[in-house]
Trainee: 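Take this structure first; my questions come after.
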Amino acid sequence: VDGDEASQRYTVSWAVAGQPEPWSYEAKLALAKQGDNWTVRWDPSVIHPELGAGQKLTMERALPERAPILDRAGQPVFSKVRVVTVGIEPGKVPDLNALAASLASALAAHKVSAADIVADARKAKPTAFVPVITLRDPQYQLVKPQIYNLPGTMFREDERLLPITATFGQPLLGKVGEATAEVLKEAGPAYAAGDQLGTSGVQRAFNARLAGTPSVTISLADSSGKAVKRLASFDGKPGEAVKTTLDRGAQSAAEAALAGVPQQASIVAIKPSTGELLAVANSASVGFDIALEGKYPPGSTFKIVSAAALLQAGSVQPNSTVPCPGSLVVGGKTFINFDKFNLGAVPLRTAFARSCNTTFTSLASKLPQGALAQTAAQFGVGVDWTLGIPSYDGAVPPPRDATEAAADAIGQGTVLMSPLSMALVAATVQRGTVPTPSLVAGEQTPPGTAPQPLSPAVLASLRDFTRAVVTQGTAADVLRNAPGAVAGKTGTAEYGDAKPPRSHSWFAGYRGDLAFAVFVFDGASAGKPATPIAGQFLAGVR
């Protein structure tokens, strides 16, 4: 204090988003006494010692180049791709309905809707750029002759980080785009509107690792915003690659096998010896990653678990003779075999291979209470696996009565499984114990309580039974001559209230150190069963 003048030194500390340390410096506050009170003598240097009249502080930030997602061989599965966004400027369109119809016709393969084009254009300003679709350059070149000269159309070129093909690993691997408010909230304060971040899938789940943190430069700028002096700079942190366990050959084979399937369908392939996911493929019509997150009745593929439960409980022996009538009533509900086939009394192996529903619904009453769920846990069902992204591990709730217990034994009732969980069932038969699944290399998190192993005798029977399905059972016509010793179980799972009921189609199996599950929503009803798709997949895997 010097009479009616005073000064106070203080420290300014700015939090810089994404940087562990703040930007700090010393500054001085000038004060003047007015009556009994002290007031601040305002000057730009109050904010920063070097800030002068008409100047301001500016901050520039830049994200490092996004780190890649890699396959198991260490090769990137995303790359920068030239794209063209097709759009319209409403004010230059003489006939909006006609233009929308022309664009929708030319872009029909990409499911562009004329109604959506019209709705978006009417909500926009006349001079706005209203995007219709973004295409990879080769796709754009195919439709360019039909759309380029349409009145009111506009085209913007750009580069985007995209998977190596339009379908590769989708929706599992996800997409990169301008961050939404929800993504920014997840990602944290280091990121800002306009940043290119992962918006779904693995790209989103591992944003913090892949994106790195931005570099920041703080400068003095003149009134026009031009930097005149650098005051501070912070180095960003480069992103780190995420190496997945996906095998490019297996993934491509799975996608090729699903390419002609119009329904929602998926294939999950696992390496039983390690638990690594080799392929996670979904058909083009899926709305989310049903391969890992789907919840569906597994149908007769679940007889693998039911057979194991019966054998472990001593309810039957591998060479037991069991009844296989065409139909059976349990608690007032009639269960039937496909086309009501009747095998009479047959070995358990034959009933399994021919997928005799009535055999397993009749034997369900011989299982001790809770035995089916306990055995399912030995195959990894209900175990909370940690993959780094959402997944569903299956569930076998306690049955309410004998009828529901009978339905559970053939994968109906209240049993629900994902393609991932059924692939783990097949992998358990091949390996002998449940492999801990992993999607990201080096990140395998075993469950808190390890599932109990199946006995060697039960495993031997299951391997014999599942091989019989292919050599003389329900998969023989399709897979008997498939390369390698294929084993597995077919499945048809009813759903809904339609009369006659509609059905999903499944196949869960293994060949060597490869276990997999194929699922087709409504496949049995629509003539797209899973077994031929499994054959195509196996033919494509080296």
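These numbers come from the heavy atoms of this one structure, side chains and all, not from hydrogens, waters or symmetry mates.
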Trainee: Tell me, which pairs form a salt bridge (charged side-chain N to carboxylate O under 4.0 Å, His left out) where one or both residues lie in residues 261-273, sequence neighbours left out?
Mentor: Lys271-Asp513
Trainee: What do the steps show when you test Val541 against Arg511 for side-chain contact (heavy atoms from CB on, under 4.5 Å), and what is the final call?
Mentor: CA-CA 11 Å; Val541 178; Arg511 181 187 70 186; 4.1 Å; yes
Trainee: Excluding sequence neighbours, so at least two apart, what forms side-chain contact (heavy atoms from CB on, under 4.5 Å) with Arg463?
Mentor: Val429, Leu459, Tyr510
Trainee: State, with a plain yes or no, whether a side-chain heavy atom of Leu277 is found less than 4.5 Å away from one of Leu292.
Mentor: yes
Trainee: Among residues at least two apart in sequence or on other chains, which ones pass side-chain contact (heavy atoms from CB on, under 4.5 Å) with Ala187?
Mentor: Tyr191, Leu197
Trainee: Let me confirm one number: the CG-CG distance from Leu210 to Leu161, rounded to the nearest 0.5 Å.
Mentor: 9.5 Å
Trainee: Do the non-hydrogen side-chain atoms of Phe168 and Leu173 ever get within less than 4.5 Å of each other?
Mentor: yes
Trainee: Would you please say whether a donor-acceptor pair under 3.5 Å links the side chains of Asp289 and Asn282?
Mentor: yes
Trainee: Pick from Val470, Thr474, Val469: which one makes a side-chain contact (heavy atoms from CB on, under 4.5 Å) with Leu479?
Mentor: Val470
Trainee: Report the distance from atom CG of Leu162 to atom CD1 of Ile164, rounding to the nearest 0.5 Å.
Mentor: 11.5 Å
Trainee: In sequence, state the C-alpha distance, the side-chain angles, and the governing distance for Tyr495 and Tyr296, and then conclude on ring-ring contact (aromatic ring centres under 6.0 Å, His included).
Mentor: CA-CA 9 Å; Tyr495 73 96; Tyr296 307 103; 8.9 Å; no
Trainee: Ignoring hydrogens and angles, write down the donor-acceptor pairs under 3.5 Å from the side chains of residues 303-313, residues two or more places apart or on other chains.
Mentor:
| residue | atom | partner | partner atom | Å |
| --- | --- | --- | --- | --- |
| Lys303 | NZ | Ser300 | OG | 3.0 |
| Lys303 | NZ | Ser355 | O | 3.3 |
| Lys303 | NZ | Ser355 | OG | 3.0 |
| Lys303 | NZ | Asn357 | OD1 | 2.7 |
| Ser306 | OG | Phe302 | O | 3.4 |
| Ser306 | OG | Ala409 | O | 2.6 |
| Gln312 | OE1 | Gln378 | NE2 | 3.2 |
| Gln312 | NE2 | Thr375 | OG1 | 3.4 |
| Gln312 | NE2 | Gln378 | OE1 | 2.7 |

Trainee: Report yes if the side chains of Phe335 and Ile410 come closer than 4.5 Å at any heavy-atom pair, otherwise no.
Mentor: yes
Trainee: Rounded to the nearest 0.5 Å, how far apart are OG1 of Thr492 and NE2 of His504?
Mentor: 11.0 Å
Trainee: Closest approach of Ala269 and Phe537, non-hydrogen atoms and distance?
Mentor: CB-CZ, 3.9 Å
Trainee: Could you tell me whether the side chains of Gln472 and Arg480 share a donor-acceptor contact shorter than 3.5 Å?
Mentor: no
Trainee: Could you check if a side-chain atom of Glu157 sits within less than 4.5 angstrom of a side-chain atom of Arg82, using non-hydrogen atoms only?
Mentor: yes
Trainee: Using the ring of Tyr148 (Phe, Tyr or Trp, six-membered ring only), decide whether Lys144 places NZ or CZ under 6.0 Å from its centre and within 45 degrees of its axis.
Mentor: yes
Trainee: Might you confirm whether atom CZ of Phe338 has over 12 heavy atoms from other residues, nucleotides or ligands at distances under 6.0 Å?
Mentor: no
Trainee: With heavy-atom distances below 4.5 Å as the criterion, would you say the side chains of Thr428 and Leu454 are in contact?
Mentor: yes
Trainee: Using atom types as modelled, flag every donor-acceptor pair under 3.5 Å from a side chain in residues 103-116 to any protein atom, sequence neighbours excluded.
Mentor:
| residue | atom | partner | partner atom | Å |
| --- | --- | --- | --- | --- |
| Ser113 | OG | Ala115 | N | 3.3 |
| Ser113 | OG | Asp116 | N | 3.2 |

Trainee: More than 12 heavy atoms of other residues, nucleotides or ligands under 6.0 Å from CD of Glu182: is that the case?
Mentor: no
Trainee: By the definition side-chain contact (heavy atoms from CB on, under 4.5 Å), identify the one residue from Ile290, Val286, Val518 that meets it with Ser266.
Mentor: Ile290
Trainee: Just to verify, what does Arg502 make a side-chain hydrogen bond (donor to acceptor under 3.5 Å, both in side chains) with, not counting sequence neighbours?
Mentor: Asp522
Trainee: Hey, what do you get for CZ (Phe360) to SG (Cys324), rounding to the nearest 0.5 Å?
Mentor: 9.5 Å
Trainee: Would you say that Arg204 contacts Lys175 through its side chain, given a criterion of any heavy-atom pair below 4.5 Å between the two side chains?
Mentor: no
Trainee: Considering only heavy atoms from C-beta outward, does the side chain of Asp464 approach that of Pro318 to under 4.5 Å?
Mentor: no
Trainee: Hey, does Leu246 have a side-chain heavy atom less than 4.5 Å from the side chain of Leu439?
Mentor: yes
Trainee: Sequence neighbours excluded, which residues qualify as side-chain contact (heavy atoms from CB on, under 4.5 Å) partners of Ala423?
Mentor: Val268, Ile270, Ala517
Trainee: Which heavy atom in Ala377 sits nearest to a heavy atom in Pro451, and how many Å separate them?
Mentor: O-CB, 3.3 Å
Trainee: Kindly compute the distance separating CD (Glu293) from CG (Leu172), expressed to the nearest 0.5 Å.
Mentor: 9.5 Å
Trainee: Apply salt bridge (charged side-chain N to carboxylate O under 4.0 Å, His left out) to Glu404 and list each qualifying residue two or more places apart in sequence or on a separate chain.
Mentor: Arg400
Trainee: Applying ring-ring contact (aromatic ring centres under 6.0 Å, His included), run through Phe507 and Phe519 and close with a yes or a no.
Mentor: CA-CA 7 Å; Phe507 186 86; Phe519 168 75; over 10 Å; no
Trainee: Going through the distances and angles, do Leu348 and Asn319 end up as a side-chain contact (heavy atoms from CB on, under 4.5 Å)?
Mentor: CA-CA 6 Å; Leu348 179 62; Asn319 57 355; over 6 Å; no
Trainee: Could I get the full list of side-chain hydrogen bond (donor to acceptor under 3.5 Å, both in side chains) partners for Thr301, not counting sequence neighbours?
Mentor: none
Trainee: Please name all residues satisfying salt bridge (charged side-chain N to carboxylate O under 4.0 Å, His left out) with Glu240, sequence neighbours left out, ordered by chain then number.
Mentor: none
Trainee: Within a 6.0 Å radius of atom CD on Gln452, are there more than 12 heavy atoms belonging to other residues, nucleotides or ligands?
Mentor: no
Trainee: Would you give me the side-chain donor-acceptor pairs under 3.5 Å for residues 254-262, sequence neighbours excluded?
Mentor:
| residue | atom | partner | partner atom | Å |
| --- | --- | --- | --- | --- |
| Glu255 | OE1 | Thr167 | OG1 | 3.1 |
| Glu255 | OE2 | Gly169 | N | 2.7 |
| Glu255 | OE2 | Gln251 | NE2 | 2.8 |

Trainee: At what distance, to the nearest 0.5 angstrom, does OG of Ser503 lie from CD of Glu494?
Mentor: 5.0 Å
Trainee: Going by atom types alone, do Ser421 and Ser418 pair a side-chain donor with an acceptor below 3.5 Å?
Mentor: yes
Trainee: So, Thr445 versus Thr386: side-chain donor-acceptor pair below 3.5 Å or not?
Mentor: no
Trainee: Is it the case that the side chains of Gln141 and Asp137 hold a donor-acceptor pair, with the cut-off being a distance below 3.5 Å and no angle test?
Mentor: yes
Trainee: Please list, one pair per line, the donor and acceptor atoms closer than 3.5 Å that link side chains of residues 68-79 to other protein atoms, with sequence neighbours excluded.
Mentor:
| residue | atom | partner | partner atom | Å |
| --- | --- | --- | --- | --- |
| Asp71 | OD1 | Ala73 | N | 2.9 |
| Asp71 | OD1 | Gly74 | N | 3.1 |
| Asp71 | OD1 | Gln75 | N | 2.9 |
| Asp71 | OD2 | Arg248 | NE | 3.0 |
| Asp71 | OD2 | Arg248 | NH2 | 3.2 |
| Arg72 | NH1 | Thr245 | O | 2.9 |
| Arg72 | NH2 | Glu276 | OE1 | 3.2 |

Trainee: Does the pair Glu178/Arg160 count as a salt bridge with the N-to-O cut at 4.0 Å?
Mentor: no
